[in-house]
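Report on the structure given below.
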Amino acid sequence: MLRVLAVDDEKPLLEELLYLLRSDPRVRSAEGACDATGALRRITRALESGPDGPDGIDVVFLDIQMAGLTGLDIARLLGGFARPPLIVFVTAHEGFAVQAFDLKAVDYVLKPVRPERLAEAVRRARALLGRPDGAQQPAPEPAVPDRRTPVPPAGTGTGAGAGAVERVPEQIAVELGGVTRFVAIADIAYVEAQGDYARLHTDGGSHLVRIPLSTLEERWAARGFVRIHRRHLVALGRIDELRMEAGTTSVRVGSAELQVSRRHARDLRDLLMRRATG
């Protein structure tokens with residue numbers, strides 16, 4: 001069972017988070033700190049005690065925007081220790097996700113916190129600590145597919161549907177602040193890698209999902225998405241211009257100009273020419 005520390009400088013939100021954590025049977029104890037100073041004091045005691053000591057902490061559920069030191073500052077400080085507690089960020093802001101995962105965060109939970117989403121963060125922490133849950137596990141978030149499950153190629157279905165062509169989903173679920181929105185894949189012009197996340201760019205804005213770019217490349221190949229760079233996946237039909245000058249290649253997708261890596265340049269040009277000539 002986990003020993004956890006929750007840190008948030010807004011008392012009602014801290015109390016709600018502690019209530020949810022204490023309601024989880026996989027959590028042995030849940031303490032709270034209402035500021036960075038109190039959090040560091042408690043974490044220091046845990047580090048002195050050691051992971052297996054009586055004052056040890058397994059996981060810190062950490063708000064980001066706080067007075068004084070931010071949650072990111074605390075995570076950076078903990079990164080200097082040999083065996084720090086795991087970090088789960090709990091925040092109302094999606095914009096810090098890339099920084100959070102650069103700091104080796106276990107998860108990034110958006111406020112308002114939903115019990116099933118917090119339960120998934122607890123599951124991930126337990127798995128990293130070598131304490132996996134039993135057969136009954138919380139269902140994964142819609143926008144967070146299980147990366148360990150291979151996706152069979154189209155037309156190689158299994159089970160009762162074997163032999164049928166697998167249908168490529170029409171939409172992708174994205175979550176922000178407890179609201180799940182369904183974005184049509186046909187509306188996505190290109191995808192940008194951001195750490196463990198991918199940012200989906202549409203004409204109306206962008207959306208962040210916790211799916212690796214390589215996974216989207218595999219799943220959306222049948223929809224005409226191609227890799228043009230280690231950071232970008234582009235819908236072929238949304239490319240307006242291909243530019244090759246001074247030894248570099250780029251494409252224009254709407255108002256965005258994206259670099260094409262040398263290893264992808266020739267294949268991309270051939271694909272575009274074949275599309276253009278039928």
Side-chain angles (χ1 to χ4, degrees), residues 94 97-98 100-101 106-110 116-117 120-121 123-124 127 137-176 179-240 242 251 253-254 256 258-261 263-272 274-275:
E94 72 165 20
V98 174
F101 284 99
V106 173
D107 209 343
Y108 193 88
V109 179
L110 290 172
E116 61 270 26
R117 185 65 185 86
E120 171 65 10
R123 184 196 67 77
R124 290 176 182 169
Q137 295 187 4
E141 289 294 287
V144 189
D146 189 342
R147 302 178 197 173
R148 298 166 296 179
T149 304
V151 179
T156 60
T158 58
V165 176
E166 183 169 325
R167 185 178 66 85
V168 180
E170 299 286 336
Q171 298 174 313
I172 183 170
V174 299
E175 182 181 331
L176 176 60
V179 176
T180 301
R181 179 178 300 170
F182 298 93
V183 177
I185 295 173
D187 291 340
I188 298 169
Y190 68 96
V191 187
E192 179 183 6
Q194 293 190 347
D196 285 346
Y197 279 68
R199 184 169 291 279
L200 315 176
H201 291 267
T202 68
D203 293 337
S206 67
H207 311 275
L208 198 66
V209 294
R210 192 181 180 188
I211 307 176
L213 197 66
S214 57
T215 299
L216 293 179
E217 178 185 9
E218 178 182 348
R219 295 183 178 181
W220 291 357
R223 287 194 166 274
F225 281 83
V226 295
R227 191 73 165 261
I228 64 167
H229 190 274
R230 63 185 178 83
R231 291 192 58 198
H232 291 117
L233 186 68
V234 176
L236 275 176
R238 301 296 292 269
I239 295 177
D240 300 311
L242 174 70
V251 293
V253 182
L258 308 175
Q259 293 298 310
V260 181
S261 66
R263 64 187 292 256
H264 293 295
R266 177 172 294 182
D267 288 342
L268 177 63
R269 182 182 181 279
D270 291 345
L271 280 171
L272 290 171
R274 284 202 296 270
R275 282 177 62 91

Kindly determine whether Y190 and I228 satisfy side-chain contact (heavy atoms from CB on, under 4.5 Å), including the steps that lead there.
-> CA-CA 10 Å; Y190 68 96; I228 64 167; over 6 Å; no

Scanning both residues in full, the closest heavy-atom pair of R117 with D107 reads NH2-OD1, 2.8 Å

Residues R123, E120: salt bridge by 4.0 Å N-O rule = yes

Determine the minimum heavy-atom distance between R210 and V106, stating which atoms define it.
-> NH2-O, 3.5 Å

Any residue meeting salt bridge (charged side-chain N to carboxylate O under 4.0 Å, His left out) with R231, in chain and number order, not counting sequence neighbours = E192

Of all heavy-atom pairs linking L216 and L200, the shortest is CD1-CD2, 4.1 Å

State the CD1-CZ distance between I211 and R219, to the nearest 0.5 angstrom.
-> 6.5 Å

The reported gap from CD1 in I239 to CG in L272 (rounded to nearest 0.5 angstrom) is 4.5 Å

So do E170 and R223 actually touch side chain to side chain, heavy atoms under 4.5 Å?
-> yes

D203 bridged to R238 by N-O distance under 4.0 Å = yes

Nearest 0.5 Å please: distance from the CH2 atom of W220 over to the CD1 atom of I188.
-> 3.5 Å

If every non-hydrogen atom of A184 is compared with every non-hydrogen atom of Q171, which pair is closest and at what distance?
-> CA-CG, 4.1 Å

If you round to the nearest 0.5 Å, how far is CG of D187 from CD1 of I172?
-> 12.5 Å

Angle class for the Y197/Y108 ring planes (parallel below 30°, perpendicular above 60°, tilted otherwise)?
-> perpendicular

Shortest non-hydrogen pair, A121 vs V109, comes out as CB-CG2, 3.9 Å

For A173 against F182, the heavy-atom pair lying closest together = CB-CE2, 3.8 Å

How far does CG of L258 sit from NE2 of H229, to the nearest 0.5 angstrom?
-> 9.5 Å

R227 (side chain) donor-acceptor with R230 (main chain) under 3.5 angstrom = yes

